[in-house]
Amino acid sequence: MAELKSRRVILKDYVEGYPTEAHMELLPAAPVDEAEEGSVLVKNLYLSCDPYMRPKMSRPLHQSYTAAFVPGAAITGYGVSQVVRSSRPGLAAGDLVWGMTGWEDYSVIKPPFTAILTKIQPDDGVPLSYYTGILGMPGLTAYVGFHHICSPKAGETVFVSAASGAVGQLVGQFARLLGCHVVGSAGSKEKVDLLINKFGFHDAFNYKEEDADLAGALKKRFPDGIDVYFENVGGKMLEAVLLNMKVHGRIAVCGLISQYNLTAGEKDADVGVRNLTSLVSKRIKMQGFIEPDHKHLYPEYMAWVLPHIKEGRVVYVEDVADGLDAAPAALIGLYHGRNVGKQVVRLTNPDPK
């Protein structure tokens, strides 16, 4: 086999505030490291841009469930790849997998990350890119957070923030399928239209147009209160939601994207979330969760969601950028709301097996 060379996108230094493309750099192609025993060499096909990647760009000051990126090293994230060489049992050259990989043309995936590579059973009816989204981490996140953390019932009211993103668009559809009344918020008219006309939300609003009175905007759409809130934003939106929750309401905390780009000074000046007394007075259950804790539910989720996809009951919208050189701008756009749907970077097509 000819010597493989690979470009890679690195983080140049830790970030405070909003990241820019200047914080990353695409390095020219260099020889790929030899695969060690137990490792898997893959060619990357699709890369996933996800909100959780922003805290990994900051200097690590506190313990987290996921390690910070290392300046000078390739950025890592979820992706879809094709195996080139493998010494992991059960994976062979030509196999398609999804899991953690590098932002590079080729990656050597080492233990323990080889253990969470999931083999893809090719299906002509499902695009490979879906394994960065609806059939990958965001999909399982939506399923676990809504069905297992929130324990919803038919007829209940559901609110989803950041509802047009990779996870939110799914939560809204899962709620509709269950027979709930679901409302979402997003940051543009285009996204609000998408929520109602594409994903079947019963109502939606542009939070930027309601920023002066978010609590009032929610009261208008939930006059009797909110049973279930799927939290992706935090900050002022969470404060408004707490005022509008019903007694014994449930909140699944998936993310807090409004907080990820605050500078140290902004964090010091922040008074924290108001209206927390509602948790007590309304006996609200509020629980944070992360997808890796629930990997054992992936087969259950796949058996449930694939028929919905194939029969058109669940749809998925992707925002696809082409080429490794486009990856930094795609990730930055995520934190400014420029993406419409799940942000994916397409590198290349798989080789014939």
Side-chain angles (χ1 to χ4, degrees), residues 9 11 15 17-24 26 44-57 69 75-80 98 101 103 127-142 145 160-173 184-199 201 204-209 230-235 237 254-261 291 314-347:
V9 175
L11 180 70
V15 177
Y18 277 91
T20 68
E21 291 181 55
H23 288 111
M24 292 171 273
L26 175 63
N44 293 313
L45 309 178
Y46 292 93
L47 302 176
S48 179
C49 297
D50 296 295
Y52 82 90
M53 298 171 74
R54 172 59 191 89
K56 291 168 68 69
M57 302 173 83
F69 294 138
I75 288 172
T76 57
Y78 286 96
V80 174
W98 74 269
T101 191
W103 277 30
L128 273 179
S129 58
Y130 275 20
Y131 288 89
T132 68
I134 187 172
L135 299 180
M137 178 275 290
L140 183 57
T141 298
V160 186
S161 56
S164 68
V167 174
Q169 62 174 288
L170 294 175
V171 175
Q173 293 180 81
S185 65
S188 71
K189 182 182 184 303
E190 177 188 11
K191 293 179 180 180
V192 168
D193 289 345
L194 191 70
L195 294 180
I196 296 171
N197 299 318
K198 182 76 171 180
F199 302 135
F201 282 63
F205 64 93
N206 183 345
Y207 70 88
K208 294 177 182 177
E209 296 177 351
F230 198 96
E231 167 68 298
N232 291 307
V233 173
M237 184 63 80
C254 174
L256 300 165
I257 197 168
S258 71
Q259 308 299 296
Y260 295 163
N261 297 298
E291 179 263 357
V314 171
V315 297
Y316 202 58
V317 170
E318 298 175 307
D319 192 328
V320 181
D322 280 302
L324 188 59
D325 57 337
L331 181 61
I332 298 307
L334 198 67
Y335 304 117
H336 294 277
R338 291 197 285 265
N339 61 300
V340 178
K342 165 65 187 167
Q343 185 65 66
V344 182
V345 178
R346 176 170 49 205
L347 302 189

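A quick note: this is a predicted structure, and the numbers were derived from the prediction, not measured.
Checking side-chain atoms of Ser161 against main-chain N and O of Ser185 turns up no donor-acceptor pair under 3.5 Å.
The side chain to side chain donor-acceptor pair (under 3.5 Å) check on Trp103 picks up nothing, with sequence neighbours excluded. By the side chain to side chain donor-acceptor pair (under 3.5 Å) test, Tyr78 pairs with Glu291, sequence neighbours left out. By the salt bridge (Lys or Arg N to Asp or Glu O under 4.0 Å) test, Glu318 pairs with no residue at all, sequence neighbours left out. In this structure Asn339 satisfies the side chain to side chain contact (heavy atoms under 4.5 Å, CB included) test together with Asp319, Leu334, Gln343, sequence neighbours excluded. Partners of Tyr260 under the ring pair (Phe, Tyr, Trp, His ring centres under 6.0 Å) rule, at least two apart in sequence or in another chain, do not exist in this structure. Judged as a side chain to side chain contact (heavy atoms under 4.5 Å, CB included), and not counting sequence neighbours, the contacts of Thr20 are Ala22, His23. Tyr335 meets the ring pair (Phe, Tyr, Trp, His ring centres under 6.0 Å) test with no other residue; sequence neighbours excluded. For Val315, the side chain to side chain contact (heavy atoms under 4.5 Å, CB included) partners are Gln173, Lys198, Phe199, not counting sequence neighbours. By the side chain to side chain donor-acceptor pair (under 3.5 Å) test, Lys208 is found to be paired with no residue, residues two or more places apart in sequence or in another chain being considered. Among residues two or more places apart in sequence or in another chain, the side chain to side chain contact (heavy atoms under 4.5 Å, CB included) test is passed with Gln259 by Leu256, Leu262, Asp270.
Contacts classified as salt bridge (charged side-chain N to carboxylate O under 4.0 Å, His left out) and involving residues 186-195 (residues at least two apart or in different chains) are given here: Lys189-Asp193. For residues 321-343, the set of pairs meeting the salt bridge (charged side-chain N to carboxylate O under 4.0 Å, His left out) definition, not counting sequence neighbours, comprises Asp50-Lys342, Asp322-Arg346.
Looking at heavy atoms from C-beta onward, Cys49 lies in side-chain contact with Val345 at the 4.5 angstrom threshold.
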